[in-house]
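The structure displayed is predicted, hence computed values, not measured ones.
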Amino acid sequence: MNISAAEEDSAQEIHIPADINWEMLDKSKFFFLGAALFSGVSATLYPVVLVKTRQQVAQVKLSGIRTAFSIVKHGGFQGLYRGFGTSLMGTIPARALYMAALEVTKSNVGSTTVKLGFPEPTAAAIANAVAGLTAAMVAQLVWTPIDVVSQRLMVQSSPSQCRYVNGIDAFRKIVNSHGPKGLYRGFGISILTYAPSNAVWWASYSVAQRLVWGGIGCYLKGGRDETIRPDSKTVMAVQGASAAMAGGISALITMPLDTIKTRLQVLDGEENRLRGPTIGQTVRNLVKEGGWLACYRGLGPRWASMSISATTMITTYEFLKRLSAKNQEGLL
């Protein structure tokens with residue numbers, strides 16, 4: 001979210017383009033363009049996510065590069081996109097739910113906190129945190145089943161050892177073996193992983209933007225009294241840098257939960273036919289395999305994925321909002 005041009009301590013130094021709220025958006029254009037843009041982002045980042053997932057379920061520690069080479073060796077370059085079709089089918093509705101929940105919550109909470117007397121910077125941080133938390137929880141209703149299926153496809157090592165032919169086959173076999181609840185394995189810990197992560201990310205993003213803009217304002221102003229109007233490239237650069245900072249922090253904080261979640265969703269618990277492994281069993285297995293640092297397997301790819309994804313996502317998202325605004329002339 002862009003900082004408001006009306007912020008008291010910087011309005012006289014630097015003028016930021018106005019933020020676009022839910023009421024200002026052309027909804028049909030917003031969702032249509034959003035599906036197209038974020039499908040492209042997902043396709044670009046998918047190989048990194050696949051490598052991270054392979055590292056998390058491996059019983060021995062492997063570097064991201066060795067894991068990637070192993071995938072290409074056994075399955076060709078298309079192996080880096082195993083399960084992508086299934087993931088993409090879930091990403092589109094999940095993203096739509098996420099964006100709608102994010103914008104509606106942000107607008108409502110933002111206006112409410114301002115009315116309650118909170119300073120604008122604090123109100124913006126609270127609104128971003130609550131919006132990120134809400135959006136993540138809503139999106140997980142769709143994303144968790146897709147995540148379970150796509151991750152099962154991701155970890156298949158080679159075509160000759162595949163348990164699942166495709167996403168539909170994996171869906172059918174999971175439901176036959178574990179019932180519909182099998183598709184929601186790890187749902188609770190997914191909420192515990194993604195909801196706080198999104199809250200931290202959006203709040204950090206809001207604060208980071210203010211800090212970066214404050215620094216730029218002081219640097220460019222140089223004792224001059226006139227208001228500085230940054231161009232679109234500068235605005236995008238600040239958004240990207242702020243997003244990368246927020247993404248790296250979120251990745252580090254939530255990495256152990258993400259590793260446990262992935263293990264729960266992928267492993268069948270064949271030693272226990274009645275149900276899959278519990279959170280406690282999963283943690284004990286990880287510690288036995290590599291100590292507590294095993295919970296951070298895949299941190300490098302996840303850090304890179306979240307930072308790159310955050311930078312790409314937020315610049316794409318802000319661009320999408322501007323393309324979808326009803327009144328283009330009123331944005332300047």
Side-chain angles (χ1 to χ4, degrees), residues 1 21-22 25 27 30-31 34-35 38-39 41-42 45 49 52-53 56 86-113 123-151 174 180-207 243 246-247 249-266 276 278-279 282 302 305-306 309-310 313-314 316-317 320-321:
M1 182 176 76
N21 60 33
W22 180 247
L25 293 171
K27 309 303 187 298
F30 180 65
F31 288 119
F38 284 112
S39 293
V41 172
S42 297
L45 298 174
V49 177
K52 181 268 298 182
T53 302
Q56 288 177 318
T86 301
S87 177
L88 184 61
M89 289 181 65
T91 296
I92 293 174
R95 284 284 188 189
L97 280 172
Y98 184 93
M99 292 188 298
L102 180 74
E103 290 301 325
V104 171
T105 306
K106 192 190 302 183
S107 294
N108 291 332
V109 175
S111 60
T112 300
T113 49
I126 293 173
N128 274 272
V130 175
L133 185 77
T134 304
M137 293 177 68
V138 171
Q140 282 305 311
L141 294 173
V142 174
W143 184 247
T144 297
I146 297 300
D147 210 19
V148 170
V149 173
S150 63
Q151 286 180 343
I174 292 171
K181 67 179 181 180
L183 296 171
Y184 281 89
R185 176 175 293 173
F187 178 74
I189 200 167
S190 292
I191 295 294
L192 291 175
T193 300
Y194 292 123
S197 175
N198 271 261
V200 170
W201 190 91
W202 281 103
S204 299
Y205 174 65
S206 176
V207 172
I249 293 171
S250 296
L252 184 63
I253 292 174
T254 61
M255 187 66 210
L257 290 173
D258 186 70
T259 300
I260 296 167
K261 174 193 71 70
T262 301
R263 286 278 186 125
L264 285 171
Q265 291 177 330
V266 170
T278 64
I279 293 177
T282 301
R302 187 167 189 256
S305 175
M306 286 191 69
S309 176
M313 183 274 289
I314 203 63
T316 301
Y317 190 63
L320 167 64
K321 288 171 68 176

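- Expressed to the nearest 0.5 Å, how far CD1 of Ile279 lies from CD1 of Ile189 amounts to 4.5 Å.
- No donor-acceptor distance shorter than 3.5 angstrom exists from the side chain of Thr105 to the backbone of Leu102, with no hydrogens or angles considered.
- The shortest heavy-atom contact between Lys106 and Asn128 is CE-OD1, 4.1 Å.
- The shortest non-hydrogen separation linking Ala136 to Ala195 is CB-CA, 3.8 Å.
- Looking at Leu320 and Met99, their side chains come closer than 4.5 Å, going by heavy atoms from C-beta outward.
- Between Val41 and Tyr317 there is no side-chain heavy-atom pair separated by less than 4.5 Å.
- Proximity of a side-chain donor or acceptor of Thr144 to a complementary backbone N or O of Leu141 within less than 3.5 Å is not detected.
- Interatomic distance, Tyr184 OH to Ile174 CD1, rounded to the nearest 0.5 Å: 12.5 Å.
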So Asp258 and Gln56, side-chain hydrogen bond (donor to acceptor under 3.5 Å, both in side chains) or not? Walk me through it.
-> CA-CA 9 Å; Asp258 186 70; Gln56 288 177 318; 2.8 Å; yes
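- Of all heavy-atom pairs between Ser150 and Thr86, the closest is N-CG2, 4.4 Å.
- Note that CD1 of Ile191 is 12.0 Å distant from OG of Ser197, once rounded to the nearest 0.5 Å.
- No side-chain heavy atom of Met89 sits under 4.5 Å from any side-chain heavy atom of Ile146.
- Distance check: Thr282 OG1 to Ile260 CD1 gives 7.5 Å after rounding to the nearest 0.5 Å.
- Rounding to the nearest 0.5 Å places CG of Leu88 at 13.0 Å from CZ of Phe38.
- Gln151 places a side-chain heavy atom less than 4.5 Å from the side chain of Lys261.
- You'll find the side chain of Asp147 reaches within 4.5 Å of the side chain of Tyr194, heavy atoms only.
- A donor-acceptor pair under 3.5 Å links the side-chain atoms of Asn108 to the main chain of Val104, judged by distance alone.
- With a 4.5 Å cut-off on side-chain heavy atoms, Trp143 and Ser87 count as touching.
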Stepwise, does the side chain to side chain contact (heavy atoms under 4.5 Å, CB included) test hold for Ser39 with Ile92?
-> CA-CA 7 Å; Ser39 293; Ile92 293 174; 3.9 Å; yes
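- Leu257 and Leu192 get closest at one heavy-atom pair: CD1-O, 3.7 Å.
- Contact detail for Gln140 and Pro145: the closest heavy-atom pair is O-CD, 4.2 Å.
- For the pair Thr113 (side chain) and Gly110 (backbone), a donor-acceptor distance under 3.5 Å is present.
- In this structure, OG in Ser190 is found 7.5 Å from CZ in Phe187, a value given to the nearest 0.5 Å.
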Would you please test Val142 and Tyr98 for side chain to side chain contact (heavy atoms under 4.5 Å, CB included) and show each step?
-> CA-CA 10 Å; Val142 174; Tyr98 184 93; over 6 Å; no
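- No donor-acceptor pair under 3.5 Å is formed between the side chain of Ser206 and the backbone N or O of Trp202.
- Residues Lys52 and Thr262 come closest through the heavy atom pair NZ-OG1, 4.2 Å.
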